[in-house]
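One structure below.
Atoms within each ligand, like the ligands themselves, are counted from 1 in listed order.
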Amino acid sequence: MTTRAVCPGSYDPVTNGHIDVITRAATLFDEVVVAILHNPAKRGTFPVQQREALLRDCIGSLPGVRVALFANTLLVDICSELGATAIVKGLRSGTDFAYELPMALMNRHLTGLETVFLPGAPAYEHVSSSLVKEVVTYGGDVSGLVPDHVLEALLQRLRRG
Ligand code: PNS
């Protein structure tokens with residue numbers, strides 16, 4: 001039986017921390033769907049099509065991994081639609097666990113879907129999309145924390161003007 005997992009997130013934008021977790025997930029499951037979930041009512045920093053393109057550019061060649069966009073949908077419904085039997089989330093810290101646990105329990109309550117938590121690489125423990133954007137906005141250097149093409153996109157979007 002093919003094992004299929006979903007790595008959900010906003011990916012606004014993808015960081016090296018995300019790539020680390022997706023790469024680990026790809027070693028555990030036959031197929032991994034990287035699901036960009038977005039609320040059309042919220043603007044975010046990058047348009048979702050650009051988030052998708054930035055993700056594809058860095059993980060598109062990983063065997064068994066694909067990227068898909070979903071709007072305003074319950075994660076458990078997306079997983080049912082995709083035939084996925086697990087959600088994969090990266091954990092950086094106990095704070096992440098405290099945030100993620102109720103969602104994992106709610107998702108299991110809704111459909112029985114399990115969440116697999118993967119400890120992220122310590123090198124990216126401090127890396128989040130929001131912190132990276134803040135640092136770039138105020139002129140800091142985040143090279144090594146995001147892929148080069150993402151850094152370029154961040155500079156274009158946040159440093160203009
Ligand atoms: O990258 P993020 O912003 O931390 O991702 C959070 C996300 C999108 C994975 C989470 O908000 C989510 O699962 N949203 C889908 C709506 C849903 O199913 N909500 C109930 C969760 S128990």
Point to revise | Close-contact set for ligand 1 against Met106 heavy atoms, below 4.0 Å | key: 22 (S)
Review point. Is a salt bridge present between Lys89 and Asp96, judged by a nitrogen-to-oxygen distance below 4.0 Å?
Key: no
Review point. In the protein, what heavy atom is nearest to atom 14 (N) of ligand 1, and what distance, to one decimal place, separates them?
Key: Leu37 CD2, 3.6 Å
**Study point:** Val76 touching ligand 1 at heavy-atom level, < 4.0 angstrom
**Key:** no
Review point. Any side-chain heavy atom of Leu75 sitting closer than 4.5 Å to one from Phe70?
Key: no
Review point. Residues in ring-ring contact (aromatic ring centres under 6.0 Å, His included) with Tyr99, at least two apart?
Key: none
Review point. For ligand 1, does Leu75 get within less than 4.0 Å through its side chain, its backbone, both, or neither, judged by non-hydrogen atoms?
Key: both
Review point. Which residue owns the protein heavy atom closest to atom 2 (P) of ligand 1, what's the atom, and how far is it?
Key: Ser10 OG, 3.5 Å
Check your understanding: Heavy-atom distance under 4.5 Å between the side chains of Ile22 and Leu55, does that happen here?
Key -> yes
Check your understanding: Which protein non-hydrogen atom lies closest to atom 4 (O) of ligand 1, naming both residue and atom, and how far is it?
Key -> Tyr99 OH, 4.3 Å
Review point. Looking at Glu125 and Arg92, does any basic side-chain N land under 4.0 Å from a carboxylate oxygen?
Key: no
Check your understanding: Hey, is atom 6 (C) of ligand 1 under 4.0 Å from any protein heavy atom?
Key -> no
Practice item. Ignoring hydrogens, just give me the one of Thr73, Asp96, Leu110, Ile87 whose non-hydrogen atom is nearest atom 16 (C) of ligand 1. Key: Thr73
Practice item. Return a yes/no value for Tyr11: is any of its N or O atoms, backbone included, closer than 3.5 angstrom to an N or O of ligand 1? Key: no
**Study point:** Pair Thr3-Asp30, side-chain donor/acceptor within less than 3.5 Å
**Key:** yes
**Study point:** Residue, atom name and distance, where the atom is the protein heavy atom closest to atom 20 (C) of ligand 1
**Key:** Leu74 CD2, 4.0 Å
**Study point:** Protein non-hydrogen atom below 4.0 angstrom of atom 11 (O) of ligand 1 present
**Key:** no
Review point. Are Asp12 and Ser10 linked by a side-chain donor-acceptor pair shorter than 3.5 Å?
Key: no
Check your understanding: Should His126 and Leu145 count as side-chain neighbours, where that means a heavy-atom distance under 4.5 Å?
Key -> yes
Review point. What atoms in ligand 1 come closer than 4.0 Å to a heavy atom of Asn107?
Key: 22 (S)
